[in-house]
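In this text, all values refer to a predicted model and were calculated from it rather than measured experimentally. Values below: every heavy atom of this structure, side chains too, minus hydrogens, waters and symmetry copies. We're numbering straight along the sequence, starting at 1.
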Amino acid sequence: MKNSYGLQWNLHQALKCAILIGDFFLNHFYRITMAPKHGQLIYEGKAKRIFETDLEDVVLIEFKNDATAFNAVKHEEFEGKGRVNCEISSHLFELLGEAGIPTHYLSRVTDCWMRSKRVKIIPLEVVVRNIATGSLCRQTPIEQGTKLFPPLLDFYFKDDGLGDPLLSEARLEKLGLISEKNQLNVEEISLHVNDLLKSFFKKADLTLVDFKLEFGVDGNGQILLSDEISPDTCRIWDQRKSDDKDRILDKDRFRNDLGGLVDAYGEVLKRIQGVSSKQHNCS
Ligand code: C5P
């Protein structure tokens, strides 16, 4: 009896192992066969890889399944996250482009691949907040859930080694990473993006709590909204849910061990697609 149980247990473990290995190779094969033709890897970040193309001023961006938090101390892979984030980002960049925001986005290629203009990223993270939460509440006595109107806009220095520190106006000037004119331009674009996204998300019963933007400069010296806009870089709450945890549809699900990350991101995509198709049907 004991032996037959032991045998069953070993068979069960062997089967589980075979499924895991098969899954790994299938995903790997899928990733390679779905990849569009690309050149050299230019840069690999925590959530994306950037590749050269035949055109000097065009790059291919691959959205990875990796999720990181707390300056990459926490790391996990989520099957399907790259594709969903690529699709959400593409949708939002298209929406912003149509509204006149200058962005690096050119087109979505397949699956988790996007084509964009080549830019030199300015090492600044622009964070816009509509509702107080996250680091703002950890670092100040401002209470969780406080509505911020006008929205709060802060610059952070994009440097993992230094933990992306918050910059004062004086430090920003001292660093000399951006001219005064471009800084004003970036601030104006970021607040305009906030207005556009906030009202778009509202139509999908979603609240845009806060988000981070990055900007780059193209070959002509033009400032372009770059990087990605996805639940990895935004906090998004579901207006159809009242529970503090259930309503979270962004990377806080991973940061706070709430589970259901890919389902939550998928819900954001579904809602965005719903609003977009309604808008197209009306026009
Ligand atoms: O952590 P904190 O509250 O400052 O984050 C504000 C917003 O910026 C959140 O939406 C978060 O996802 C985003 N963020 C980001 N990348 C960072 C820091 C913050 O996308 N390095």
Whether the side chain of [X] engages the backbone of [Y] through a donor-acceptor N/O pair (distance < 3.5 Å, no angle test) should be reported.
X      : Y      : answer
Thr103 : Leu225 : no
Asp164 : Asp159 : yes
Asn65  : Glu79  : no
Lys251 : Thr68  : yes
Ser277 : Gly274 : yes
Arg253 : Gly259 : yes
Arg255 : Leu258 : no
Thr207 : Val209 : no
Ser107 : Val109 : no

Which distance, rounded to the nearest 0.5 Å, do you find between the [atom1] of [X] and the [atom2] of [Y]?
X      : Y      : atom1 : atom2 : result
Phe201 : Asn194 : CZ    : CG    : 10.5 Å
Ser190 : Asn185 : OG    : CG    : 9.0 Å
Glu173 : Ile178 : CD    : CD1   : 12.5 Å
Leu197 : Lys202 : CG    : NZ    : 14.5 Å
Ile236 : Arg247 : CD1   : CZ    : 13.5 Å

- Message: Working note: Arg271 + Asp238, criterion side chain to side chain contact (heavy atoms under 4.5 Å, CB included); need CA distance, chi angles, decisive distance, verdict.
- Response: CA-CA 10 Å; Arg271 301 261 188 109; Asp238 187 352; 2.9 Å; yes
- Task: Verify salt bridge (charged side-chain N to carboxylate O under 4.0 Å, His left out) between Lys212 and Glu214, making sure each step is shown before the conclusion.
- Result: CA-CA 7 Å; Lys212 181 253 325 183; Glu214 291 185 24; 2.7 Å; yes
Does the distance from a Lys or Arg side-chain N to an Asp or Glu carboxylate O, for [X] and [Y], drop under 4.0 Å?
X      : Y      : answer
Lys81  : Asp66  : no
Glu56  : Arg118 : no
Lys48  : Asp227 : yes
Glu44  : Lys64  : yes
Arg235 : Asp252 : yes
Asp205 : Arg240 : yes

- Task: Could you check Ile61 against His104 for side chain to side chain contact (heavy atoms under 4.5 Å, CB included), going step by step and ending with a plain yes or no?
- Result: CA-CA 11 Å; Ile61 303 179; His104 73 149; 3.6 Å; yes
So [Y] and [X], do their side chains get closer than 4.5 Å, heavy atoms only?
X      : Y      : value
Ile131 : Trp237 : yes
Phe51  : Ile42  : no
Tyr265 : Asn85  : yes
Met114 : Ser89  : yes
Lys117 : Leu224 : yes
Asp54  : Lys37  : yes
Phe200 : Ile272 : yes
Cys86  : Arg108 : yes

A quick test of your reading: do over 12 heavy atoms of other residues, nucleotides or ligands sit less than 6.0 Å from [atom1] of [X]?
X      : atom1 : result
Gln40  : CD    : no
Lys46  : NZ    : yes
Phe70  : CZ    : yes
Lys203 : NZ    : yes

Do [X] and [Y] belong to the same hydrophobic cluster, where Ile, Leu, Val, Met, Phe, Trp and Tyr are linked whenever their side-chain heavy atoms lie under 4.5 Å apart, directly or via other members?
X      : Y      : answer
Leu166 : Val127 : yes
Leu172 : Leu136 : no
Val217 : Phe215 : yes
Tyr43  : Phe63  : yes
Leu153 : Ile223 : yes

- Message: Is there a side chain to side chain contact (heavy atoms under 4.5 Å, CB included) between Ile121 and Ser226? Walk through the geometry before answering.
- Response: CA-CA 8 Å; Ile121 290 285; Ser226 303; 3.7 Å; yes
Of [options], which meets side chain to side chain contact (heavy atoms under 4.5 Å, CB included) against [X]?
X      : options                       : value
Phe211 : Thr233, Val128, Ile229, Leu92 : Val128
Trp113 : His38, Arg49, Arg83           : His38
Pro231 : Leu249, Ile248, Val262, Ile88 : Ile88

- Message: Is the terminal nitrogen or CZ of Lys74 (NZ for Lys, CZ for Arg) located under 6.0 angstrom from the six-membered ring centre of Phe254 and within 45° of that ring's axis?
- Response: yes
Nearest heavy-atom neighbours spanning [X] and [Y]:
X      : Y      : answer
Asn71  : Gly163 : ND2-CA, 3.6 Å
Arg171 : Leu167 : CB-CD2, 4.2 Å
Thr146 : Glu143 : OG1-O, 2.5 Å
Pro151 : Leu191 : CG-CD2, 4.1 Å
His91  : Leu269 : CD2-CD1, 4.2 Å
Ile101 : His192 : CD1-ND1, 3.5 Å

Any donor-acceptor pair under 3.5 Å linking the side-chain atoms of [Y] with those of [X]?
X      : Y      : result
Glu87  : Gln273 : yes
Asn130 : Asp210 : no
Gln183 : Glu169 : yes

- Message: Between Ser135 and Arg129, does the side-chain hydrogen bond (donor to acceptor under 3.5 Å, both in side chains) criterion hold? Intermediate values first, please.
- Response: CA-CA 11 Å; Ser135 71; Arg129 299 172 198 267; 3.1 Å; yes
